[in-house]
Asks: 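After the structure tokens below, expect a handful of questions from me.
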Amino acid sequence: MDDPRQQVRPYHPVDGMVYGGITEPTVLPPQKSWRCLPPWTSCWILDSASVFTVTAETRNKARYQAFFYLTRQCELSLEREALLDIRVRRARY
């Protein structure tokens, strides 16, 4: 048996896996509330009308949700770089 293709291959854990479609996650990550400050303000006065709340899993997703809220629902024309200037803080109620 000099031919390496004819040798018996040792068992590997991947050998028993069945590949198929995408599986649904059993538990979704919890949604958290985030307070957002638009790029044109710099003061965290929580009673201010410019502070708004979004719901997302992570801080980066909350920043994107805030950008989406400002551009689509508030109909503001913001540059892509404004996404970096949105400040996000975890809402503590």
Side-chain angles (χ1 to χ4, degrees):
M1 286 208 161
D2 294 331
D3 189 10
R5 292 177 291 175
Q6 300 297 327
Q7 294 177 354
V8 177
R9 202 171 64 132
Y11 173 76
H12 192 272
V14 179
D15 293 339
M17 291 185 65
V18 177
Y19 296 99
I22 298 174
T23 60
E24 294 295 324
T26 56
V27 177
L28 294 174
Q31 297 283 319
K32 302 170 190 146
S33 295
W34 301 88
R35 308 276 308 188
C36 301
L37 193 64
W40 58 85
T41 55
S42 61
C43 184
W44 279 101
I45 299 174
L46 296 180
D47 296 335
S48 174
S50 62
V51 177
F52 58 95
T53 304
V54 296
T55 304
E57 299 168 7
T58 63
R59 182 182 303 270
N60 288 333
K61 290 181 181 180
R63 184 174 286 134
Y64 179 74
Q65 288 289 337
F67 182 78
F68 184 78
Y69 171 78
L70 291 173
T71 55
R72 299 287 168 86
Q73 294 174 347
C74 296
E75 297 179 357
L76 295 174
S77 59
L78 296 175
E79 299 292 326
R80 291 180 303 195
E81 291 79 20
L83 178 64
L84 302 173
D85 296 331
I86 295 174
R87 294 188 180 102
V88 178
R89 185 183 285 179
R90 181 79 188 271
R92 308 257 188 236
Y93 293 111

Asks: Would you name the heavy atoms of Cys36 and Ala66 that are closest together and state the gap between them?
Replies: SG-CB, 3.7 Å

Asks: Under the criterion side chain to side chain contact (heavy atoms under 4.5 Å, CB included), which of Arg63, Arg59, Gln65 is the partner of Trp34?
Replies: Arg59

Asks: Are there more than 12 heavy atoms of other residues, nucleotides or ligands under 6.0 Å from atom CZ of Arg90?
Replies: yes

Asks: Tell me if the CZ atom of Phe52 is crowded by more than 12 foreign heavy atoms within 6.0 Å.
Replies: yes

Asks: Got Leu70 and Pro39 here, is their nearest side-chain heavy-atom distance under 4.5 Å?
Replies: yes

Asks: Is it the case that atom CD in Glu79 sees more than 12 heavy atoms from other parts of the structure closer than 6.0 Å?
Replies: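 Check fails, neighbour count at 12 or below.
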
Asks: Would you say Tyr64 and Leu37 are hydrophobically clustered, going by side-chain heavy atoms of ILVMFWY under 4.5 Å?
Replies: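 Looking at the clustering, Leu37 is in a separate group from Tyr64.
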
Asks: Taking Val51 as the fixed residue, which of Arg35, Arg89, Arg87 is the one that meets the side chain to side chain contact (heavy atoms under 4.5 Å, CB included) rule?
Replies: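 Only one of Arg35, Arg89, Arg87 forms a side chain to side chain contact (heavy atoms under 4.5 Å, CB included) with Val51, namely Arg35.
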
Asks: When hydrophobic residues are tied together by side-chain contacts of less than 4.5 Å, even through go-betweens, does Leu84 share a cluster with Val88?
Replies: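 Looking at the clustering, Val88 is in a separate group from Leu84.
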
Asks: Would you mind reporting whether Glu57 and Gln31 have side-chain heavy atoms less than 4.5 Å apart?
Replies: yes

